[in-house]
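To keep things clear, I will list the structure first and then write my remarks on it.
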Amino acid sequence: MSIDVYTRDIVKRYGFKFSKSLGQNFLIDNSVLEDILGSADVSSDDVVLEIGPGVGTLTRELLKKAKKVYAVEVDSTLIPILKEELKEFDNFELINKDILKLDIKEILKEENNVKVVANLPYYVTTPIVLQLLNEDLNFKSLTVMVQKEVGERMAADPGCKEYGSLSVLVQYYCDIEIIRKVSSSCFVPSPKVDSVVIKLSKCKNPRVTIKDKDLFFKIVRFSFNMRRKTLWNALKPLNIDKEELRKIFEICDIDPKRRGETLSLDEFGRLSDFIYDFI
Ligand code: SAM
C-alpha cells in the first residue's frame, strides 16, 4: 500500500486534526520514505530514536528493521492512535513528551548503536539538533528531514552566505551529507517550504582538536553574531588587551580584517587555542 493511502486512512479513521503550531506535515511519498530508510541503514542491532512519529508511517518501517524504537511525540492526541496502530510490535517504546524537555541521555543510557531517524518538526529543528549534539549523546548517525535552508546552513562551507555558527557546530561533530531534496507536495498538509533529507554521521573525534570547547564556541558565536564586522571588532567582547589581540592574530597568521564567515574550522580552532593561552 502506498504511504499516501496508509497515512490519509489513519488520519480519516481517527478524525485527527493537524496542528500547524506543532509542525505536523506528514510524509506521503514512498520514494522519500525509502531514501530515509536506505540512508539510515537500520539493522537488527540498532536502536532508533524517532522524534515526532506522527501517525506512525515511518515508525512502522523502523520497527520492522530495528532492535528497538523509542518514539517521542509531544501531541497527546496521537498517543492512542500510535498505540493502536503499532500494537503488534513489542520493540516499540512510546514517550509522550516534548523532546526538548526530555532527559534523552538517561533514556538511552543502556543502549548502544543508537541512530536518530526523524521527519523533524521544523519550528524546533535547530534546538533539537543542538540538544542531540551538545549532550554528547552516543549516537552513530542522525538521518532527518529538515527545512531546505536549515540543511544548507548545516552543510555550508566557509565563505558561503549560508555559513554560520550552525555550520561550525554541526561540522565540528559530524560528517554531513545532503541525501535528497523533497518538495512540499510529499507531505500532507503541504508545508510552505521545501525540505531536504540530511545524514549527520558522528565522527569518532571532533573535527578539530581544541583546548577549550566552551571558548571555541564562544568565539564562533561572537564572530557570527556580527557577521558584517571584522574579527578585530567582533571579538572585542572578549575584553582582550588590544596589543595582545594583535599578537594573537599575528601568531595565528589570521588577518584581523577578515570576517568570521571566512574562517574554516581549523582557523577557528587555532584562534581559540592561542586566545586560550593568552587569557
Ligand atoms: N514522522 C511523521 C511523518 O513523517 O509523517 C510526522 C512528522 S511531523 C513533520 C513532526 C512531528 O513531530 C509531529 O507528529 C509533531 O506532533 C511532533 N512534534 C512537534 N514538536 C515536538 C516536540 N517538541 N517534541 C516531540 N515531538 C514533537
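Just so it is clear, the structure is predicted and the values come from calculations on it, not from any experiment. All ligand and atom numbering here is 1-based and tracks the order in the structure.
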### Task
Pull out every atom of ligand 1 sitting under 4.0 Å from any heavy atom of Tyr123, numbered as shown with elements.
19 (C), 20 (N), 21 (C), 23 (N)
### Nearest-neighbour protein heavy atom for atom 3 (C) of ligand 1, which is reported as residue plus atom name and distance
Asn119 ND2, 3.5 Å
### Query
Within 45° of the six-membered ring axis of Phe139 and under 6.0 Å from that ring's centre, is NZ or CZ of Lys202 located there?
yes
### Task
Could you tell me whether Phe274 and Phe249 have their ring centroids closer than 6.0 angstrom?
no
### Message
Less than 4.5 Å apart, side chain to side chain, heavy atoms only: is that true for Met145 and Arg180?
### Response
no
### Query
Which residue holds the protein heavy atom closest to atom 16 (O) of ligand 1, what is that atom called, and what is the gap in Å?
Glu73 OE2, 2.6 Å
## Note on the structure
ligand 1 atoms nearer than 4.0 angstrom to some heavy atom of Leu27 are 3 (C), 4 (O), 5 (O)
### For Pro53, atoms of ligand 1 separated by under 4.0 Å from a heavy atom
1 (N), 2 (C)
### Message
Starting from atom 21 (C) of ligand 1, what is the nearest protein heavy atom, named by residue and atom, and what distance separates them?
### Response
Val74 CG1, 3.4 Å
### Query
Can you list the ligand 1 atoms lying under 4.0 Å from a non-hydrogen atom of Gln24?
13 (C), 15 (C), 16 (O)
### Query
Could a heavy atom of Lys97 be found less than 4.0 Å from some atom of ligand 1?
yes
### Task
Taking only Lys NZ, Arg NE, NH1 and NH2, and the carboxylate oxygens of Asp or Glu, determine whether Lys87 and Glu84 approach each other closer than 4.0 Å.
yes
### Task
Using a strict cut-off of 4.0 Å, indicate which atoms of ligand 1 neighbour a heavy atom of Gly23.
8 (S), 9 (C), 10 (C)
### Query
Just wondering, do Val146 and Thr125 contact through their side chains at under 4.5 Å, heavy atoms?
yes
### Query
What do you reckon, does Leu58 have a nitrogen or oxygen under 3.5 Å from a nitrogen or oxygen of ligand 1?
no
### Message
Suppose I only count heavy atoms of Asp98 and a 4.0 Å limit; which atoms of ligand 1 are within that range?
### Response
22 (C), 23 (N), 24 (N)
#### Entry: Enumerated ligand 1 atoms positioned under 4.0 Å from heavy atoms of Val72
25 (C), 26 (N)
### Distance-only polar pair, side chains of Asp75 and Gln24, donor-acceptor under 3.5 Å
yes
#### Entry: For atom 24 (N) of ligand 1, closest protein heavy-atom neighbour
Ile99 N, 3.0 Å
#### Entry: Ile128 to ligand 1, any heavy atom closer than 4.0 Å
no
### Query
Any heavy atom of Asn25 sitting closer than 4.0 Å to ligand 1?
yes
### Test of ring centre spacing under 6.0 Å for Tyr70 and Phe92
no
#### Entry: Leu22 to ligand 1, any heavy atom closer than 4.0 Å
yes
### Aromatic plane relationship, Phe224 with Tyr163 - under 30° parallel, 30 to 60° tilted, over 60° perpendicular
perpendicular
### Query
Taking the six-membered ring for Trp, is the centroid-to-centroid distance between Tyr276 and Phe216 below 6.0 Å?
no
### Message
For Tyr122, state whether at least one heavy atom is located under 4.0 Å from any atom of ligand 1.
### Response
no
### Query
Can you tell me if Glu50 has a non-hydrogen atom under 4.0 Å from ligand 1?
yes
### Query
Shared ILVMFWY cluster between Leu49 and Leu94, side chains joined below 4.5 angstrom?
no
### Summary
min-distance protein heavy atom vs atom 1 (N) of ligand 1 -> Gly52 O, 2.8 Å
### Minimum side-chain heavy-atom gap Val188-Asn25 below 4.5 Å
no
### For Leu78, the ligand 1 atoms whose distance to one of its heavy atoms is below 4.0 Å
14 (O)
### Query
With Asp175, which of Lys140, Lys204, Arg207 fulfils salt bridge (charged side-chain N to carboxylate O under 4.0 Å, His left out)?
Arg207
